[in-house]
Amino acid sequence: MLKIAIQKSGRLHEGSLKLLKECGIDISNGNNQLRVRSSNFEAEIFFLRDDDIPEYVQDRVADAGIVGENIVYETQKKVTVVEKLGFAKCRLSLAVPRYEQYKDITDLQGKRIATSYPNILEKFLKEKGVQAAIHTISGSVEIAPRIGLADAICDLVSSGSTLFLNELREVQTILHSEAVLITHPQLNEEKLAVLESLLFRIRAVNKAKDNKYVLLNAPNHCLPQIIKLLPGMRSPTVVPLAEPGWSSVHSVISENDFWKVIEQLKANGAEGILILPIEKMIL
Ligand code: PRT
Ligand code: ZN
């Protein structure tokens, strides 16, 4: 049995539950319970505050957990990051009042910086050789400059609208973060086997999200060029159409290359292009 800790409520909660569901792991937390056994997978899910998850994993209360990398690096517990999960993306950044001069990090020498991430910030400033007074506060960091508590802040940013509304300007990114799967560094054989199975499913789900299934028709003389543009998993499937001299080509393309490849396919004679989402992808 693998004990997996996820956030009870907050920005990671939905994404964590959705990922487990996409992995076919059934969890029904109808009564708002603290822990729930999956009915179809060797796992028990614990619902906790995100800040506490690394410590619980270190202390073996849970074997694994889903948290933001920002929390992993700030709490400095002995846990292993085993997989990036691709959701809850954000960055930990320094910001100063909108009209404040800022050339580079040395402008923060001797200044006061408010943050909920004192450990990450201290390490960063040390690396840059900058000395500043770190004020640790647990929430609403963005108001610190306005109330005269600090000259700058170090906080999580995603869209940037919180900074904008508080008349702050992002000047330096310290860390890019996303949700990750962490585990205790030493799991027994039985737990490792469940973890392997979980990782296999997570990778199949996330790989599918990065790719699209493409179907198209093309005259046979265009096939060599089209096949070059669509390497697919091994190579594309090519099947003849009922109309002589034409074929249908099926393949997989990466989300990142998508628009570029589609334009090139059209330019090389492809017609009737269909793009479909992939649910799971196993290489
Ligand atoms: O109650 P609990 O302790 O479990 O939750 P929490 O309130 O501490 O955390 P929560 O739910 O706010 O965030 C959980 C995790 O989500 C964080 O640790 C990050 O890994 C991730 N995450 C992703 C974010 C953001 N994006 C984010 N934008 N966490 C916080 N924010 C906040 C940020 O602090 C700032 O106040 O959102 C504001 C900025 O957002 P924008 O869009 O205006 O830039
Ligand atoms: Zn928290």
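Atoms within each ligand, like the ligands themselves, are counted from 1 in listed order.
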Parallel, tilted or perpendicular: which describes the rings of Tyr213 and His250, with under 30° parallel and over 60° perpendicular?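 Perpendicular: the ring planes of Tyr213 and His250 meet at over 60°.
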
Evaluate whether atom [atom1] of [X] has more than 12 neighbouring non-hydrogen atoms of other residues, nucleotides or ligands under 6.0 angstrom away.
X      : atom1 : result
Phe41  : CZ    : yes
Phe258 : CZ    : yes
Gln131 : CD    : no

Select one of side chain, backbone, both or neither to describe which atoms of [X] lie under 4.0 Å from any atom of ligand 1, heavy atoms only.
X      : answer
Gln7   : side chain
Ala179 : neither
Asp155 : side chain
Ile71  : side chain
Asp50  : both
Cys90  : side chain

Is a donor on one side and an acceptor on the other found under 3.5 Å between the side chain of Ser116 and the backbone of Ile137? yes

Using modelled atom types and a 3.5 Å cut-off, is there a donor and acceptor pairing between side-chain atoms of Glu55 and backbone atoms of Lys77?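 It does not hold such a pair.
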
Pairs touching residues 155-168 that satisfy salt bridge (Lys or Arg N to Asp or Glu O under 4.0 Å), sequence neighbours left out: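 Pairs touching residues 155-168 that pass the test: none.
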
Distance filter under 2.8 Å, centred on the Zn ion (ligand 2) - protein N, O or S atoms that pass it: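 Listed by chain and number: Asp50 OD1, Asp51 OD1.
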
Measure across Cys154 and Leu94 and return the closest heavy-atom pair with its distance rounded to 0.1 Å.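 Minimum heavy-atom separation between Cys154 and Leu94: CB-CD2, 3.8 Å.
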
Is there a side chain to side chain contact (heavy atoms under 4.5 Å, CB included) between Phe124 and Ile105? Walk through the geometry before answering. CA-CA 10 Å; Phe124 178 79; Ile105 186 74; 3.7 Å; yes

Whether Lys18 and Glu22 form a salt bridge (side-chain N of Lys/Arg under 4.0 Å from carboxylate O of Asp/Glu) is what I want to check. yes

Salt-bridge contact Lys3-Glu42 (side-chain N to carboxylate O under 4.0 Å): no

Compute whether any side-chain donor of one residue and acceptor of the other, for Asn40 and Ser38, lie under 3.5 angstrom apart. yes

For Glu142 and Thr162, which I'm curious about, is there any donor-acceptor pair between the side chains at under 3.5 Å?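 Short answer, no.
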
Determine, step by step, whether Val171 and Asp107 satisfy the side chain to side chain contact (heavy atoms under 4.5 Å, CB included) criterion, reporting the C-alpha distance in whole Å, the side-chain angles of both residues, the deciding distance to 0.1 Å, and the verdict. CA-CA 11 Å; Val171 289; Asp107 288 341; over 6 Å; no

In ligand 1, which numbered atoms sit nearer than 4.0 Å to a non-hydrogen atom of [X]?
X      : answer
Gly10  : 11 (O)
Ser9   : 4 (O)
Ala88  : 23 (C)
Gly68  : 20 (O)
Ser161 : 43 (O), 44 (O)
Gly160 : 41 (P), 42 (O), 44 (O)

Can you pull out the closest protein heavy atom to [atom]? Residue, atom name and distance to 0.1 Å, please.
atom                    : value
atom 32 (C) of ligand 1 : Arg11 NH2, 3.3 Å
atom 41 (P) of ligand 1 : Ser159 OG, 3.3 Å
atom 40 (O) of ligand 1 : Ser158 OG, 3.5 Å
atom 38 (C) of ligand 1 : Thr162 OG1, 3.6 Å
atom 1 (O) of ligand 1  : Arg49 NE, 3.7 Å
atom 35 (C) of ligand 1 : Leu156 O, 3.5 Å

Looking at atom 3 (O) of ligand 1, is any protein heavy atom nearer than 4.0 Å to it?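 Given the 4.0 Å limit, the answer for atom 3 (O) of ligand 1 is yes, a protein heavy atom qualifies.
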
Look up atom CZ in Phe47 and atom OG in Ser9, then write down how far apart they are to the nearest 0.5 Å. 11.0 Å

On the six-membered ring of Tyr99, is Arg169 placed so that its NZ or CZ lies under 6.0 angstrom from the centre and within 45° of the ring axis? no

Under 3.5 Å between some N or O of ligand 1 and some N or O of Asp51?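 Between Asp51 and ligand 1 (N or O atoms, distance only) the closest approach is under 3.5 Å.
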
Would you mind finding which of Asp52, Val157, Leu165, Asn70 brings a heavy atom closest to atom 17 (C) of ligand 1?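 Considering heavy atoms of Asp52, Val157, Leu165, Asn70, the nearest to atom 17 (C) of ligand 1 sits in Asn70.
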
